[in-house]
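If you read the sequence from its start, that first residue is 1, and numbering goes on from there.
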Amino acid sequence: MPIVNRIADLQPDMVEWRHDFHRHPELSFDVHRTAGIVADRLRAFDCDEVVEGIGQTGVVGIIRGRASASGKVIGLRSDMDALPIPEVTGADHASTIPGKMHACGHDGHMAMLLGAARYLAETRNFDGSVAVIFQPAEEEGGGGEKMVEDGMMDRFGITEVYGMHNMPTLPVGAFAIRSGPTLASTDEFTITITGKGGHAAKPHLNIDTTLIASQIIIGAQSITSRNLDPAQMMVVSICSLSTEGDSHNVIPNTAALTGTVRCYSEENRAMARERLDAIVHNTCAGFGATADVHWTRGYPAMINAHDQATFAADIADEVAGGCLRDIPSNLGAEDFAYMLEVRPGAMIMVGNGDSAECHHPAYDFADETMPAGASFWVRLAERAMPLED
């Protein structure tokens with residue numbers, strides 16, 4: 001069955017909702033206007049329960065089906081936050097907030113899930129309950145983790161959870177997914193090297209932090225090339241090198257490096273940290289310098305459960321007449337991973353067509369993809385919790 005007819009009828013409403021969200025972007029956990037509108041709409045749709053303030057500013061709506069014998073509660077998740085990027089689309093619905101825009105499609109994600117919530121609340125053709133989850137702070141802050149820590153899964157009895165994200169270059173309304181490791185963990189590090197600064201004409205009297213930093217950069221490349229199984233994936237990227245001052249004739253006393261580690265397993269995550277720490281401290285010791293390495297642990301790897309990923313692909317086949325399966329994993333990140341750590345589920349990608357990439361100032365979500373996305377949510381809920389004949 002293709003696009004649901006009732007969902008197609010809701011397209012003008014979904015476009016209106018999305019354009020309003022797009023004009024009024026909000027960042028991280030500071031999504032009070034957005035969350036308030038979401039909650040008001042869910043109440044207007046006659047959801048059985050609407051709870052605000054989960055994970056600081058998250059919203060959950062509960063829609064009960066015509067029966068409850070299955071005992072299932074299927075979670076459907078959308079993110080809500082925008083990015084601190086000036087918009088250059090020139091669209092009629094462009095951001096009205098300088099320096100902020102929906103550059104990752106979360107406005108479209110919300111509109112599709114709201115459309116599905118309205119349909120599901122009208123029809124209730126399922127045995128169980130649907131929890132529509134609107135999450136803050138996906139881009140920064142780990143809102144998914146905060147909602148889990150707030151007890152969301154147990155409070156609403158969620159048994160499985162699904163996410164959806166748009167994908168530029170994939171045709172509008174098409175779907176793609178993979179089972180297993182899909183997106184990477186993200187850890188960040190800052191390395192501060194302390195040597196002995198002095199005159200560039202007398203390097204023998206100094207401990208050159210720029211030279212030491214250069215050796216660390218080269219050594220860090222061995223973590224992936226000489227410590228990781230070549231069949232696996234990891235990046236160790238050092239993204240900045242800075243020193244105090246910018247004089248042509250002064251060897252700086254300190255230097256700082258920043259970067260990120262991305263991979264798919266906790267074992268490799270720990271290995272990369274151990275190896276980088278050793279490279280930094282031993283390199284500095286060899287030159288007579290000292291170092292401090294500060295780590296910020298980021299999102300875990302997002303791993304789609306096999307059964308749920310297969311089920312989601314089957315639903316996409318039904319809605320769109322096909323689904324790309326086993327697409328390549330990539331080293332981007334998604335805090336939906338926190339929800340998948342505690343419940344089985346999967347994230348599917350929906351096509352955004354020939355658009356700018358996510359996080360680009362010219363990006364805009366494709367309105368034309370919303371009927372497919374909302375229809376996917378509806379069919380997933382109904383097929384996961386079918387009513388008995």
Within a radius of less than 6.0 Å around [atom1] of [X], do more than 12 heavy atoms belonging to other residues, nucleotides or ligands occur?
| X | atom1 | answer |
| --- | --- | --- |
| Asp229 | CG | yes |
| Asn5 | CG | no |
| His359 | NE2 | yes |
| Asp246 | CG | no |

Are [X] and [Y] ion-paired here, with the side-chain N under 4.0 Å from a carboxylate O?
| X | Y | result |
| --- | --- | --- |
| Asp81 | Lys100 | no |
| Asp314 | Arg383 | no |
| Arg325 | Asp317 | yes |
| Arg66 | Glu382 | no |

Do [X] and [Y] come close enough that some side-chain heavy atom pair is under 4.5 Å?
| X | Y | answer |
| --- | --- | --- |
| Met152 | Val60 | yes |
| His32 | Thr57 | yes |
| Phe21 | Phe365 | no |
| Ile63 | Phe126 | yes |
| Val161 | Met153 | yes |
| Ser129 | Ser68 | no |
| Cys104 | His165 | yes |
| Leu340 | Ile303 | no |

Could you check whether His93 and Asp364, counting side-chain N and O atoms only, form a donor-acceptor pair closer than 3.5 Å?
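There is such a pair between these side chains.
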For Ser95 and Glu87, does a side-chain donor sit closer than 3.5 Å to a side-chain acceptor?
no
Partners passing ring pair (Phe, Tyr, Trp, His ring centres under 6.0 Å) against [X] (at least two apart in sequence or in another chain):
| X | value |
| --- | --- |
| Phe156 | none |
| Tyr264 | none |
| Phe134 | none |

Measure across Ala131 and Val73 and return the closest heavy-atom pair with its distance rounded to 0.1 Å.
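Shortest heavy-atom separation between Ala131 and Val73 comes out as CB-CG1, 4.2 Å.
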For Ala82 versus Met101, what's the shortest heavy-atom pair and its separation?
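Smallest interatomic distance, heavy atoms only, reads CB-O, 3.2 Å.
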Step by step, work out the side chain to side chain contact (heavy atoms under 4.5 Å, CB included) result for Val148 and Met339.
CA-CA 7 Å; Val148 169; Met339 298 187 189; 4.0 Å; yes
Please test Glu122 against Arg6 for salt bridge (charged side-chain N to carboxylate O under 4.0 Å, His left out), starting from the C-alpha separation and ending with a verdict.
CA-CA 10 Å; Glu122 289 174 354; Arg6 174 59 175 146; 2.8 Å; yes
Not counting sequence neighbours, which residues clear side chain to side chain contact (heavy atoms under 4.5 Å, CB included) with [X]? List them please.
| X | value |
| --- | --- |
| His294 | Asp292, Thr296 |
| Thr169 | Glu357 |
| Ala137 | Ser28, Phe29 |
| Asn206 | Ile251 |

Result block: side-chain N/O donor-acceptor pairs under 3.5 angstrom for residues 43-52, not counting sequence neighbours:
residue: Arg43; atom: NH1; partner: Glu52; partner atom: OE2; Å: 3.4
residue: Arg43; atom: NH2; partner: Glu52; partner atom: OE2; Å: 2.9
residue: Asp48; atom: OD2; partner: Arg64; partner atom: N; Å: 2.7
residue: Asp48; atom: OD2; partner: Arg124; partner atom: NH1; Å: 2.7

Take Arg77 and Glu334 through the test salt bridge (charged side-chain N to carboxylate O under 4.0 Å, His left out) and record every step on the way to the result.
CA-CA 12 Å; Arg77 174 267 200 180; Glu334 194 9 295; 2.9 Å; yes
Applying side chain to side chain donor-acceptor pair (under 3.5 Å), name anything that partners His102, two or more places apart in sequence or on another chain.
none
Residues which pass salt bridge (Lys or Arg N to Asp or Glu O under 4.0 Å) with Arg343, listed by chain and number, not counting sequence neighbours:
Asp154
Could you pull out all residues at least two apart from Asp367 that satisfy salt bridge (Lys or Arg N to Asp or Glu O under 4.0 Å)?
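Salt bridge (Lys or Arg N to Asp or Glu O under 4.0 Å) list for Asp367, sorted by chain: Arg18.
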Evaluate Arg178 against Ser329 for side chain to side chain contact (heavy atoms under 4.5 Å, CB included), listing each step before the verdict.
CA-CA 8 Å; Arg178 71 172 284 110; Ser329 54; 3.9 Å; yes
Does the gap between the ring centers of His106 and His109 come in under 6.0 Å?
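Close enough - the centres of the two rings lie under 6.0 Å apart.
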In the hydrophobic cluster built from side-chain contacts under 4.5 Å, what are the other members alongside Val236?
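Its cluster mates, by chain and number, are Phe189, Ile191, Ile193, Ile207, Leu211, Ile212, Ile216, Ile217, Ile223, Leu228, Met234, Ile238, Leu241, Leu257, Val261, Met271, Leu276, Ile279, Val280, Phe287, Val293, Trp295.
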Same cluster or not: Trp377 versus Val59, using hydrophobic residues (I, L, V, M, F, W, Y) connected whenever any side-chain heavy atoms lie under 4.5 Å apart?
yes
Kindly work out whether a path of hydrophobic side-chain contacts (I/L/V/M/F/W/Y, heavy atoms less than 4.5 Å apart) joins Ile3 to Met112.
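Yes, same cluster.
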Residues Phe336, Gln135; criterion side chain to side chain contact (heavy atoms under 4.5 Å, CB included); working and verdict
CA-CA 9 Å; Phe336 184 59; Gln135 179 213 301; 5.6 Å; no
